[in-house]
Amino acid sequence: MEKVIVKKTIIKKKKGIFFTFIAITIMAVFLLVFTPQSDVSLQKDTQSVKRRLISVDNYVSDTEQRYFEAVLRSSTYKSFLSLAFYTNSSGPLTDLDAAFSEVILTGKIGGTPIDTITGKKIMENNSLGYWSNSVIELARGQLNVNTTISIKNVSVYQNNPWSIISQMSLNYTVVSEVAKWEKKSTIITVVGIEGIH
């Protein structure tokens with residue numbers, strides 16, 4: 001009888017070890033599955049920051065290489081057209097460069113909107129100041145970046161009878177939560193003036 005009791009006790013002890021082993025295995029599985037993986041989280045954050053940097057860098061390079069040139073070309077043509085209408089009604093300009101600079105930057109001449117003098121709506125929403133503010137607002141809304149554009153100088157000169165060259169010097173800064181870009185740039189564009197009387 002004593003042997004039977006000892007055997008039952010040994011069997012119970014073996015069952016206890018088996019159940020303990022199963023409980024430890026289940027706990028280890030739970031710990032492995034539900035423990036946050038810092039490597040994965042850090043890798044995701046790094047990829048996110050990298051994508052963000054690429055987006056903002058593309059915005060900065062597109063702004064410098066495409067947008068400023070297109071806006072300068074368009075505003076130059078419209079400013080020159082407005083100045084042609086102005087000189088046809090008010091007489092010749094004494095300082096073309098100063099008049100051109102004021103018209104292209106602000107849409108005004110002598111502090112008065114040139115469109116009210118000429119009676120033509122050419123410079124309304126077409127000055128460099130207007131387009132600079134537009135890109136600043138668009139970048140803030142779409143990319144969540146702060147852009148500062150400071151136009152230092154705009155000038156115009158003629159290299160042949162059928163076209164003019166306009167040149168703009170500017171500084172601009174783009175600040176995002178991950179980086180900051182500071183650029184100084186000179187944009188030059190050639191604009192045809194055929195057809196302007």
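The structure displayed is predicted, hence computed values, not measured ones.
- Residues W131 and S75 come closest through the heavy atom pair CD1-OG, 3.8 Å.
- Every residue was checked against the side-chain hydrogen bond (donor to acceptor under 3.5 Å, both in side chains) condition with N146, not counting sequence neighbours, and none meets it.
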### Task
Go through the steps for T76 and M168 under the test side chain to side chain contact (heavy atoms under 4.5 Å, CB included), then give the verdict.
CA-CA 10 Å; T76 296; M168 174 175 64; over 6 Å; no

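- Cluster annotation: L53 is connected to V60 through the hydrophobic network of ILVMFWY side chains, with a link wherever side-chain heavy atoms come within less than 4.5 Å.
- Here the closest non-hydrogen pair linking S127 and G107 is CB-N, 3.8 Å.
- Across every non-hydrogen atom of T118 and S82, the tightest pair is CG2-O, 3.8 Å.
- Taking CZ of F80 as the start and CG of L96 as the end, the distance is 6.0 Å to the nearest 0.5 Å.
- In this structure, S55 OG and N144 CG are separated by 12.0 Å, a value rounded to the nearest 0.5 Å.
- Listed by chain and number, the residues in a side-chain hydrogen bond (donor to acceptor under 3.5 Å, both in side chains) with T147 are Y59 (sequence neighbours excluded).
- Transitive grouping of hydrophobic side chains (ILVMFWY, heavy atoms separated by less than 4.5 Å) brings L143 and Y67 into a common cluster.
- In the hydrophobic cluster analysis, where Ile, Leu, Val, Met, Phe, Trp and Tyr join through side-chain heavy atoms closer than 4.5 angstrom, Y172 is grouped together with V178.
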Anything under 3.5 Å between a donor and an acceptor, one on a side chain of residues 183-193, the other on a protein residue two or more places apart or in another chain? List them.
| residue | atom | partner | partner atom | Å |
| --- | --- | --- | --- | --- |
| S185 | OG | E64 | OE2 | 3.2 |
| T189 | OG1 | R73 | NE | 3.3 |

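- Under the 4.5 Å side-chain contact rule for hydrophobic residues, L81 and L105 share a cluster.
- For S74 (side chain) and A70 (main-chain N/O), no donor-acceptor pair under 3.5 Å exists by modelled atom type.
- Screening N58, V56, D57 for a side chain to side chain contact (heavy atoms under 4.5 Å, CB included) involving I54 leaves a single residue, N58.
- Nearest heavy-atom pair across L128 and I151 is CB-CD1, 3.8 Å.
- Taking every heavy atom of both residues into account, S79 and M123 meet most closely at OG-CE, 3.5 Å.
- For the side chain to side chain contact (heavy atoms under 4.5 Å, CB included) with I104, the lone residue among L83, N126, V154 that qualifies is V154.
- Taking the side chain as every heavy atom from C-beta outward, Q47 and R51 approach each other to under 4.5 Å.
- Across every non-hydrogen atom of F68 and L170, the tightest pair is CE1-CD1, 3.6 Å.
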